[in-house]
Structure formats: C-alpha cells, structure tokens
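One structure is given below, encoded as structure tokens.
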Amino acid sequence: MTTTTSEHSGPATEAPPFRYTPALANAIELAWQDRWEQAGTFEAPNPVGDLSSFGDGVDDGAADGAAAAAAAAVPGESFYVMDMFPYPSGKGLHVGHPLGYIATDVTGRFERMRGKNVLHALGYDAFGLPAEQYAVQTGQHPAITTDQNIAVMRRQLRRLGLAHDPRRSFATTDPEFVRWTQWIFLQIFSSWFDPDATAPDGSRGAARPVSELVGRLAAGEVALPAAFEGRTWADLTPREREDVLADHRLAFVADVPVNWCPGLGTVLANEEVTADGRSERGNFPVFKRNLRQWVMRITSYADRLVADLDPLDWPEKVKAMQRNWIGRSEGAHVHFSVATAAGERDLTVFTTRPDTLFGATYMVVAPEHPLVEELLASEEPWGADVPASWRGAAASGADTPAAAVRAYVAAASAKTLQERQADAGAKTGVFTGGYAVNPVNGERLPIFVADYVLMGYGTGAIMAVPAHDERDHAFATAYGLPIREVVSGSPSGVQESAWTGDGVAVASANDEVSLNGLAVAEAKHAIVTWLERTGQGAGTTTYRLRDWLFSRQRYWGEPFPVVYDADGRVVPIPEDMLPVALPEVADFSPRTFDVDDAASSPESPLSRATDWVNVELDLGEGLQTYRRDTNTMPNWAGSCWYYLRYLDPFDADAPVDPALERYWMGPQPGGARGETGGVDLYVGGVEHAVLHLLYSRFWHKVLFDLGHVSSREPFHKLFNQGYVQAYAYTDARGVYVPADEVEEVAAGAAGADAHEGPTFTWRGEPVTREYGKMGKSLKNMVTPDDMYAAYGADTFRVYEMSMGPLDQSRAWETRAVVGAQRFLQRLWRNVVSEDSGLVTVVDDAPDVATARLVARTIADVTTEYAAMRPNTAIAKLITLNNHLTSLPQVPRAAAEALVLMVAPVAPHIAEELWSRLGHESSLAHEAFPVADPALLVEETVTCVVQVAGKVRDRLEVAPSISDAELEAAALATPGVQRVLAGATPRTVIVRAPRLVNVVP
RNA sequence: GCCCCGGUAGCCCAACUGGCAGAGGCAGUCGGCUCAAACCCGACCCAGUAAGGGUUCGAAUCCCUUCCGGGGCACCA
C-alpha cells in the first residue's frame, strides 16, 4: 500500500503536504488494518486440524509472511500470549483499558519477528450481572445486549491495530462454548479425588473417574458410610448410592453453610465476600445460611495448588496472596472426651501448638458447633461455683446454662459477618456447664461457647492456652480463667501477656511422656508421636481454603447440565444432548429482598420457567419426568477454561485437541514453559489474584489428572499490568469540573502560593486536585477514540508504552502525548520527504558511529522488549532516531533496522515506511534485526580514575587493556598526581577497563 | 497490628552482578524558521537519589532505624 494524501492536520495551517499528521496517521492505520485482515496476516497456524492452514480462499496475499510461513511447516517454537479477557460492559472504554492489550500486542509482535509461531486472540467473558441487570430494566434479552456490546468493543479495539487471530475469537455465551463448559462440569461431577492415586506429574492424590469408586464400593474395598452399616452397595437404592457418591464427587450438591446475600438475591463464594463481610459486587450485607447448593471440592487440591506455585513465573505478590488464601497450616487433631446427658462424646480440636497441650485451661466451641445442643440437654441449673461472669449477659437473666447459651447463640447468628468481625477483639462467651477431659493429664476443663472461634475453620473447637495465644489470653483475662505457662521465654511473664515466641517446654509431663526441656518444634513432634501412639490425636494439616460454592440464583449464566429424578437424585445429561440452553423467560430478575433480611431464601429466575424445569427425557431409564436444576453457574465458569478454546475454537469432538494443547501449552522442562507448561504469557490486573486464577488452576488440574491436557498449570508466566489513573478536580462546592479545562498555575507564579506546589484553576476559580480512577462521574475520562482522532493509534500506543514500567500504575497526562507524536513524525521525516512524499534514504553504508549506534540499539532494544520493558526500548529507539535526524542523509540500512524495531510498538507507521522502502510484504513476519557483534565492541572506553572514591580524571583506553597497564596509566594522570601530591598510594583498585580507584 | 512494594531534576521515569547519578519524554529558557505566531529545527537549564546511621576502596543499589505513599491480610487456633 502507498497512501498518498494531501490532507492537512488543521484548517488554518500550511503544514507540508506529506507530513505525518493525525489525518495521515489515521489513513495509514485504517488501510493497514484492512490489509492485515484481508491477508490473514495474524492467523496463527495450528500444527494439525482445521486451522492448520490459512483461511480458505480469503488469503490471496501470498506475498505476506504469514502465508509463506503456513506453506512451510509450522514453526517449532510457539508463543502463546493472552490477555485476561474483557467483560463487554457497554459503558465504553477509557484510555486505561487497552494498556494490557497493547503490552501483549507489543510482545506478541516482537516474538513473531523472532520467528516464533505467535498465538494471540481475544474473546469475551459475556455472562454476568450487568447484561442481566440491563435486561431486568428494559426487558431486552441479555444475549442481544451482550452481542451489541461485543460489537462496539470489537470496533474500538480493532482501531488499536492489535495483531489478533480473528478466527479464534468467541464469547463464553456462544452455544458451542457453553456446551464445552457444561462438558467440563460433567467431567468434574463424574470424578472423585482419590487420595491414594498418583497424578501424571507424580503428585499424590488425583482425580479419578467415579466409575472406579463405584467398582470399589461394589467390591467392598471401600466401606459404606456409617449410616448404611450392615448393608451392601448392591442393596442401596439409586438415590442412596448417589448420596454415597456425593460425598466423594469433585462437584456435588449439599446442604452447606453459604454466604447468602439478600440484596443481590443470590449466594456468593467466599472469594466474592469482602473482608468486612459484604458482597464484593454491590457492597450488600452477607449472611451465613445453610442452603442446598452446588459445591466444588477445591480443598482436595489445596496441597497441589500450594506446591505448584513455586515453579510458576508469577509475581511473588500474587503467589503470596494465593498461599495466604489457601492458608495451609500444620498441626494436630486432639480428642477430648466430654460427658453429656447422652453419654461420652468426643470433642476434637485442631491446634497448631500441640506442644502447649499441658497449658490448656479451658475449651471453646463455636456457636454453631453440633456439641452445643447435646451439652444443653440436661437443663440443669448453674453450679454454685460458677462465677457470675460466666453466665452470659446479665440482661438475658438466664438461670440455667442452657438458656444462657441459647441466648448467646441466637445473638451470634443474628450478627452479620460484618458485625462479627467489627466486634473482633472484644471477647465474649458463655459457659456451657460442660467439661472436657484433657488427654495429657486428665484435667477437667470448662467448655465455653464463644464467637471468637469460627465453625468454618479447623473443627470449630479449640483447646484454649491463654499463656501462649493472644486471643485465649484476652478471653481468660476477661473471664478470670487460669493462665499456665508451659513454654519458657516470656520477657514479662505470661500473666501480663501471651508468649507466642520460641522457648523451651516446662511443666509438661505425664507418666508416659515429658516435653520438658524440648524446643517448640521438638516438643510438637514428641507430643504428636505420643498422641498417635495412644490413639488420642494425630498430626494433621488444615486449610483456610473452603470448598467452592458453585451455584448462583441468576438467569444469565450456564445452566447446570443435570436433572433430578422423582427421588431427587442427580442425573447428568448425556454428552450428546449438550448444551443445555437457557429457557426464554419473561422476567430475568432473581427475587431480591431487603438487604438486611437474613431470613429470606433465594429464588432463581429459572424456577419460574416451569415448562422448562419439568421435562420428559429418556436418559437410558425409559421416558421419565425429571426436574431441571434452576441455578446457573457463576461468572467464573467460562474463564476457568477459555484459554484452551483459543487453541481449537471449532473442535466439535473435544474442548481442545490434545495435540494442539501439547504444541501451544505443553511442558518444556528446562525450556521456556518449564516443567509445568501453560500459557507463555498471561497479562491482566492483580484483582484476579485469587478468584479467577485459583479457580482455573483447579479446573486445569482436574483436566490434567483425567488426561485431557498435558500441562499441569494453565498459566506459566503471569504479569500484572498497572492501572492508568487520572487527576480529577473539584471546585469550592466539592463538585467535579471538567479536567481537560483546568489550568495549572506554576508554583511561584504571580498569584500562586510560593510555599505550595502548583495550583489549579477552572474558569478563573481555584480548584482542588485529587488523583484516582478515570471515569465519567469524575469528569476526567479520556477515551481511545479521542486519542485516535487527535493523534492516531500509533502515537497512542507509543505514549502508553513509554509512560513507565508496565507493572506500575501511572497518571494519564494528555499534554505529554505530543512527545510520542514528535517521535513518529521525526521517524517519518527520516525516511520520507514531507514536501514530495518521496523516500529520502540513501543506499550508502552508514558511517562507523551510526553503524555502532544501530548495533548497540538493536542489542539493547531486543533485551528490553524481551523483558517487557517497552518504555526503555522506546527511549533507545528515540535516541537512534534523533541521531539519524542529525545526519545529512539517512542510510537505508539504519532506517530499515529502525523501522523493524519500531514495528512492535507502532506497527502501522512501520508497515507504511517498510512498504515505501520498497518491500512488498508485511513486516509482521520479517526477522527482527540482529546486531553485528563486531560493532558492539567499543573501540575505546572511558576509564574513570578515582582517588578515594572521587572522580579525579578520565582516560580513553582500549577495552582489552590489562590491569597493570591501566594502573600505570591512571597513576600518571594529572588528576591523580595533583591529589596525591607525591604521596604513595596505599592501595589501587583496578576494574579494567572501566575504573581505577586510588586509595591514598 | 502483621506482611509486601515503592520514594532519583518542576513532573513522568533510566542507571547490567555495588563502579562517571541521566537514556527518553513532558514542562521551562534561549536561538533558528516566520511579517508574526503555532508547528518544526537546534541548543540550554535542571537532582546527588525521602531522613539518619552502618558495611565497603567505592552505595541510588547491600544492612539497620525513622518518615511518607501504594497494596495485601487481619479472631484461621
């Protein structure tokens, strides 16, 4: 293409006719975007299958590198680069949104020029709340809204010139995609976690088909649960069998304590509830309720999810957040026996400090603990020796433990999670009237109910060791309970405050075991050994991670591919009947409630589609009436596996052809993708550190265990890009004013406060500056469309990439964009005459200085691009460009190298210049320049001569100079001579060829 | 409260395993082009690295303390 234009950048200007103006930039960009699309330039060939060649008939541009590459074998080296895919919100993009997309595009284009087969595509995460809420308001089906939003977003992003393979784009709402999401769900449903199985990577404990478990149950190798004692597998009804299997399935329906959010009308996963007990979306109160819901047994994988973080090339911060969330902690279960009205009961506690067992002085159970009711059965009055403070709040006026505890439990359950956490620190509780026997010394310990112990962690019961646990210490102090030191080391005494540090065990012995004198770690080991030998406990590991609540009471999500028979037994839908599509409904909204109505229950919009819910099917048991599941999957389902579908978007037989998964994602021990395999580069915001990234790792490991994928992790390298933020301004009333109309008054200028920084005015009135998100409500939004119109996409790309390190957040500054534009204008001028439009480069060889600078730039820019530092790469390109500007004539060799190196960040202008330089095909597959090593070696280097660390002189020396020669030369310099003034140096440090330091 | 990351010219940011504090951009100043201005071209100006202490021949870089900013976790037994 050769774009000729006489358009000017503005009406009143007389710019030269071939200047690189925004108008010219736009013309070039649109033309190249069309050409790329028509030629299929960025279509990445698969090694096998329907995408192994380029779009049939569409591609006549055989001259393009992509087509040439496809004709030959697929490159052996693949590079799979991905963005966390967008939710098409319809609100419109601002200049911050494309940051990550540009970054992956730059890296992808660079790697493509390095000869790799680069796969880069973008799909849409299209199920979810905004489209549903819009549907609720307007009655328009969310599918229509979603399609419209996707179309708008596609157009906006296309204008950026992203090198995506358009054939591989999809939305999670596409029926074919939903089909495979449901298929994977059924794979998980049909699997159980066999703790004794070995995974393909050698780890212990792996997913296996449930059919294997059925075989073992039928053969009696695995015992039935206690409820079915005396019966055999063959005796059980189908419903009973399913109940047995549900205890093992990786996806199962169960009555579980869930986070119920009346304001949203749905239940939420733990990860979707904020630390202060509110919904992440909408910020509504959340209550704990027991409800029948789908759950995924992610906790089975807790160990592997922790262990496999190590080999991943991820930011340490994200790894730490995942480790923290999983919260693995090693300790012991210890059995205490409790006498109740109904007889002896076991109270098992979890502790990370079994070495402090001898220091236990009381017990605490969570208000929801099942033992509570048993303890209260007796209804006996308080014993005479029970202090008043143990009897609960005076207001309750309870004269029996049962009444006091019930009042306390009721009060605790009425609290929202938020209230419960707000009260943390103030320890409250009530004595239950019961006692537990400490297995190490037979002491009777009073059992309290207190809400500082959580039912959701460990066993929901603890042994309290006030001397060595701060929480127990606070409670013991408040309730007058004894504090007994069993680990030495407290500086101020344990009566004063708990000692949780290291020390030596004291007062910790019975007839069979003594911990006295042992350090903490040894003492733990000794007591666990004793507990295990005597059957009173065992070493164990627990996790903070909870199983994943997987159902939502919403319309716009994937339906569950199961039905229930007349007995309420879950029956999976056969694979050939997938996908299960959503029914048409009149009302898309779940029933929502008053945000504080804890007693309400969820009611899904699907439950009203009775024709759909009640269905006659033949599922191999004859025609029967079944009931469908009226929940839908959470928004995370599609994003748990979408990265596999880009590889093989049209596969009708599997979510992905295993051969393609191996080629694009397979492990490369010692190579780029390491032993884990996975996507080569995954870029997105840190906000997904635990949610999406943990869930998809879990699904991936199940697919790995079942043999569907060869990689054991989905994402080998993860990169978190920063955010683009912006200044906003408020006037005296606190109302936002348009940021682009605010004027800055320099510090020290007339009228400015000399001591403060710069001040700001809007229409002459002072305004206050604040910093934060970009958005319409703050009147500081700048859109990509604004940038295309004012500068063109290339300038916008260069500016975004040059603002600073990719992983840092940065402030948008529109007035600084002109720097990027000047760079590209100068680049243009170095190749093309602004007056005639003709190419001005000459074929003469570059002078030595230019050749060296070109070589140096190639070497540096290659390093910077490869390390994802486009900001420093651009700085070096600008340096070379400025050097070429200073030459009377630009040599072709230098210009071509520069154009190729600019291509990843500013692809349109680079293609245009490349074309004008006489090349017929796109530079997208052109080899990235390689520096001539001979030119990288400096002829002379500057050696710094220091005396006592201060620079006193400089020498121009050969890089190969020896230490001795250099030392002699340095000592002879006038600078050294002057400072030393005849004295003999004590030491001379020589770091040839760069530095000599003389120590006088 | 605990943990992590950061603080370098007016602003955004560079500086390889410790070795000349400056690559690049914005803003500013001066000059060229111009009737003039903008654009453009050329040149210039600009910090001793948040503060203090330590290690070292030598510290922006390593260690300690403090301050400031950003983020994560927070009754997890």
Side-chain angles (χ1 to χ4, degrees), chain A residues 9-10 12-16 19 21 275-276 315-318 320-321 324-325 327-329 331 349-353 356 364 420-421 423-427 450-454 456-465 468-472 474-475 542-545 686 689-690 722 744 746-748 757-758 798-799 802-805 807-820 822-823 825-826 829 834 860 863-864 869 871-879 881-882 885-886 942-951 954 985-989 991 994-1000:
Chain A
S9 58
T13 59
E14 286 303 320
R19 170 160 293 175
T21 59
D276 56 357
E316 275 309 316
K317 174 183 163 152
V318 176
M321 285 166 72
N324 202 330
W325 186 262
R328 186 192 146 97
S329 71
V349 303
F350 175 74
T351 175
T352 57
R353 294 295 303 275
T356 63
V364 184
R420 214 162 144 157
Q421 268 148 13
D423 293 343
K427 301 284 181 290
D451 67 358
Y452 82 91
V453 169
L454 310 175
Y457 184 78
T459 61
I462 62 158
M463 62 169 198
V465 184
H468 304 291
D469 182 282
E470 284 160 16
R471 298 152 301 184
D472 297 345
F475 190 87
T542 59
Y543 302 90
R544 198 184 91 107
L545 180 69
V686 72
V690 281
E744 179 174 338
V798 169
Y799 173 64
S802 63
M803 287 168 84
D807 53 357
Q808 259 175 47
S809 291
R810 70 284 312 275
W812 179 265
E813 196 181 1
T814 297
R815 71 175 180 181
V817 178
V818 68
R822 285 180 191 148
F823 165 52
Q825 266 177 351
R826 238 173 296 193
R829 211 161 34 230
E834 289 189 332
D860 290 349
T863 308
E864 300 306 293
R869 290 190 294 258
N871 54 324
T872 46
I874 290 168
K876 289 169 198 307
L877 292 172
I878 290 173
T879 307
N881 194 43
N882 289 348
T885 303
S886 72
T942 305
C943 175
V944 179
V945 183
Q946 301 176 332
V947 178
K950 289 197 169 61
V951 181
R954 290 185 172 80
R986 197 185 314 163
T987 326
V988 181
I989 287 140
R991 294 280 180 275
R994 296 265 177 205
L995 179 131
V996 176
N997 188 13
V998 180
V999 186

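Per chain, numbering begins at 1; letters A, B, ... match sequence-line order.
- Residue A:N882 has its side chain nearest to B:G24 when only B:C41, B:G24, B:C20 are considered.
- If A:G327 and A:V817 are placed on RNA chain B by their nearest nucleotide, the residue sitting closer to the 5' end is A:V817.
- Close to B:C40, at under 4.0 Å from its OP1 or OP2, lies a side-chain N or O of A:R822.
- A side chain to side chain contact (heavy atoms under 4.5 Å, CB included) with A:I989 is found for exactly one of A:V996, A:V998, A:N997, namely A:N997.
- Applying the ring-ring contact (aromatic ring centres under 6.0 Å, His included) rule to A:F823 yields no partners; only residues at least two apart in sequence or on another chain are considered.
- Comparing B:A14, B:A23, B:C40 against the side chain of A:A875 picks out B:A23 as the nearest.
- Proximity of A:R544 to the phosphate of B:A74: a side-chain N or O atom is located under 4.0 Å from OP1 or OP2.
- Picking from B:A77, B:C57, B:C20 the nucleotide with the shortest atom distance to the side chain of A:V944 gives B:C20.
- The aromatic rings of A:F475 and A:Y452 lie tilted to each other, with the angle between the two planes from 30° to 60°.
- Regarding contacts with the backbone of B:G70, every side-chain N or O of A:S809 stays at 4.0 angstrom or more from both OP1 and OP2.
- Between A:I462 and A:D472 the shortest side-chain heavy-atom distance falls below 4.5 Å.
- For A:Y452, the listed nucleotide lying nearest its side chain is B:C75; candidates were B:C75, B:C40, B:A14.
- Nucleotide B:C73 is matched to B:G1 when pairs are restricted to Watson-Crick or G-U wobble geometry with both distances under 3.5 angstrom.
- Comparing B:C13, B:C75, B:A27 against the side chain of A:P805 picks out B:C13 as the nearest.
- In textbook terms, a nucleotide whose glycosidic angle is within 90° of 0 is syn, while B:G32, being further out, is anti.
- Distances from the side chain of A:I878 to the nucleotides B:G25, B:C40, B:G42 place B:G25 closest.
- Atom CZ in A:R826 sits roughly 11 Å away from atom C1' in B:G24 (whole-Å rounding).
- Side-chain nitrogen and oxygen atoms of A:R815 include none within less than 4.0 Å of the OP1 or OP2 phosphate oxygen of B:C12.
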Would A:R829 and A:T885 satisfy side-chain contact (heavy atoms from CB on, under 4.5 Å), going step by step from the backbone distance to the final call?
-> CA-CA 8 Å; A:R829 211 161 34 230; A:T885 303; 5.9 Å; no

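- Listed candidates were B:G19, B:A14, B:C75. Nearest to the side chain of A:K427 is B:C75.
- Atom C1' of nucleotide B:G71 and atom CD of A:Q808 are separated by 13 Å, given to the nearest angstrom.
- At the heavy-atom level, A:S329 lies under 4.0 Å from the strands shown only through sugar-phosphate atoms.
- Between A:K876 atom NZ and B:A14 atom P there is a gap of 12 Å when expressed in whole angstrom units.
- Rounded to whole angstrom, the span from the CH2 atom of A:W325 across to the P atom of B:C73 amounts to 8 Å.
- Atom CG in A:L877 sits roughly 13 Å away from atom P in B:G24 (whole-Å rounding).
- Position along RNA chain B of the nearest nucleotide to A:Y543 versus A:R869 favours A:R869 as the more 5'-ward residue.
- Spacing between atom CD of A:E813 and atom P of B:G10 amounts to 15 Å, rounded to whole angstrom units.
- Of all nucleotides listed (B:C26, B:C57, B:A77), B:A77 comes nearest to the side chain of A:L454.
- Considering only side-chain atoms of A:T352, the nucleotide from B:A77, B:G71, B:C41 that sits closest is B:A77.
- Shown here, B:C44 forms a base pair with B:G28; the pair counts as Watson-Crick or G-U wobble because both key distances fall under 3.5 Å.
- In this structure A:T879 satisfies the side chain to side chain donor-acceptor pair (under 3.5 Å) test with no other residue, sequence neighbours excluded.
- Note on A:T885: only backbone sugar-phosphate atoms sit closer than 4.0 angstrom, heavy atoms only; bases stay farther off.
- Nucleotide B:G42 holds its P atom 11 Å from the CG atom of A:N881, rounded to whole Å.
- With a cut-off of 3.5 Å on both pairing distances, the Watson-Crick or G-U wobble partner of B:C67 is B:G7.
- When the P atom of B:C73 is taken as reference, atom CE of A:M321 falls 5 Å away, rounded to whole Å.
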